2 protein chains.
Amino acid sequence: MTATRSTRQRDVITRIMQAAQGPLAVADVHDRARSDLPGLGIATVYRTLKLLTDQGRIHPVTLDGETLYETSGQGHHHHFSCQDCGRVFTLHTCPVALPSGTVYPGGFIVRAHEVTLYGQCPDCAARV
Amino acid sequence: MTATRSTRQRDVITRIMQAAQGPLAVADVHDRARSDLPGLGIATVYRTLKLLTDQGRIHPVTLDGETLYETSGQGHHHHFSCQDCGRVFTLHTCPVALPSGTVYPGGFIVRAHEVTLYGQCPDCAARV
DNA sequence: CTTGATGCAAAAACTTTGCAGGTCA
DNA sequence: TGACCTGCAAAGTTTTTGCATCAAG
């Protein structure tokens, strides 16, 4: 019987993922976690993110070639990538109406969709 | 003065990109090109794709963590990724209405957007 | 001929894996 | 205490770079 233990490293990483306002890169998680755990190894971050992914608690999203992780269960949502500061935000409003099963021009049967918006986030807009 | 030469390798790779029906991975380009140029090195493929990208003739798109390249100047379009066969198609119909400058809920100023649809392509639907 | 381009191999960047020692239950 | 977990380092992957040689003009 295998068990899955609660450790200081896993707790910290899990908390970071839950507190995030948008998806995070592996390096982001590592950096933030080291505030609490200076000696944390990058391998543990990779292993823990993989564990949480296998548990379905988080999942990866790819943006501009970078693999980021975000918590699951946020419901249908999309992302906004700020072209000024590079941060990625989660959007809870969906700009498309494509129910699963919709047949798209060309005969493509749509089961899901992903949208990413690019532009300027409120912080960067205010900084002008 | 720097020059940029026309070579057999570049011609072949350029032709492959122009003939593609959707974005291609580096390995796809390499495989296809080796039909004509058996000795083609992968480094040349990377260098040529980078060159064409710098020239604005092609550009990268990321899908499911993979970096693919497609020709530029196709106008506004999106992608359809078939969950059965894995191929990526180019769609010329856009499902969202977000003119540049639109302010999205939350105060995000939208400059551009990307949409990827997932489902079953016509070929796979017909194969059932 | 001159200089840019290619192929090979080494290097760099990013992930995963093996191990010995540390920690949770 | 036993089994799981961690950090470190080695091993994979993928992409970039250095170099001697080749070839476009």
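So that the names make sense, note that chain A is the first sequence line, chain B the second, and so on, each numbered from 1. Since this is a predicted model, take the numbers as computed values, not measurements.
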Item to check | Sugar-phosphate only, base, or nothing, as touched by B:Arg10 at under 4.0 Å among non-hydrogen atoms | outcome: sugar-phosphate
Checklist outcome for this item: 5'-most contact on DNA chain D (nearest-nucleotide basis), B:Thr67 vs B:Arg8, goes to B:Thr67
Next on the checklist: Apply side chain to side chain donor-acceptor pair (under 3.5 Å) to residues A:His78 and B:His113 and explain how you reach the verdict.
Outcome noted: CA-CA 11 Å; A:His78 297 298; B:His113 67 262; over 6 Å; no
Next on the checklist: Can you say whether a donor on the side chain of A:Arg47 sits under 3.5 Å from an acceptor on the base of D:dG7, or the other way round?
Outcome noted: yes
Checklist entry - With sugar-phosphate meaning primed atoms plus P, OP1 and OP2, does B:Ile42 contact a base, only sugar-phosphate, or nothing at under 4.0 Å between heavy atoms? => result nothing
Checklist entry - What is the ring orientation for A:His77 with A:His92, classed by angle as parallel under 30°, tilted 30 to 60°, or perpendicular over 60°? => result tilted
Checklist entry - Given D:dA23, is OP1 or OP2 found less than 4.0 Å from the side-chain N or O atoms of B:Gln9? => result no
Next on the checklist: Whole angstroms only, please: what is the NZ-P distance between B:Lys50 and C:dT6?
Outcome noted: 14 Å
Next on the checklist: Distance check needed: C:dA13 P versus A:Glu66 CD, whole Å only.
Outcome noted: 15 Å
Next on the checklist: How many whole angstroms separate atom CG of A:Leu37 from atom P of C:dT23?
Outcome noted: 13 Å
Checklist entry - What closest approach, in Å, do B:Phe80 and A:Ile109 show between heavy atoms, and which atom pair accounts for it? => result CZ-O, 3.5 Å
Checklist entry - Atom CG of A:Asp28 to atom C1' of C:dC14: distance rounded to whole Å? => result 15 Å
Checklist entry - Does B:Thr7 make a side-chain N or O approach to OP1 or OP2 of C:dT6 shorter than 4.0 Å? => result yes
Next on the checklist: From CG of A:Leu49 over to C1' of D:dC5, roughly how many Å is that when rounded to an integer?
Outcome noted: 15 Å
Item to check | Atom-to-atom span, CG of A:Asp11 to C1' of D:dC4 - whole angstrom | outcome: 15 Å
Item to check | Side-chain N or O of B:Thr4 closer than 4.0 Å to phosphate OP1/OP2 of C:dA5 | outcome: yes
Next on the checklist: Could you walk me through whether B:His59 and B:Glu70 satisfy the side chain to side chain donor-acceptor pair (under 3.5 Å) test, starting with their C-alpha distance in whole Å, then the side-chain angles of each, then the deciding distance to 0.1 Å, before giving a yes or no?
Outcome noted: CA-CA 6 Å; B:His59 60 96; B:Glu70 67 181 358; 3.2 Å; yes
Item to check | Atom pair distance, as rounded to whole Å: OH in A:Tyr46 and C1' in D:dA9 | outcome: 16 Å
Item to check | Length of the NE2-P vector between A:His30 and C:dC14, whole Å | outcome: 14 Å
Checklist entry - Less than 4.0 Å between a side-chain N and a carboxylate O, is that true for B:Asp123 and B:Arg87? => result yes
Next on the checklist: If you assign B:Arg5 and A:Leu51 each to the DNA chain D nucleotide with the nearest heavy atom, which residue ends up on the more 5' nucleotide?
Outcome noted: A:Leu51
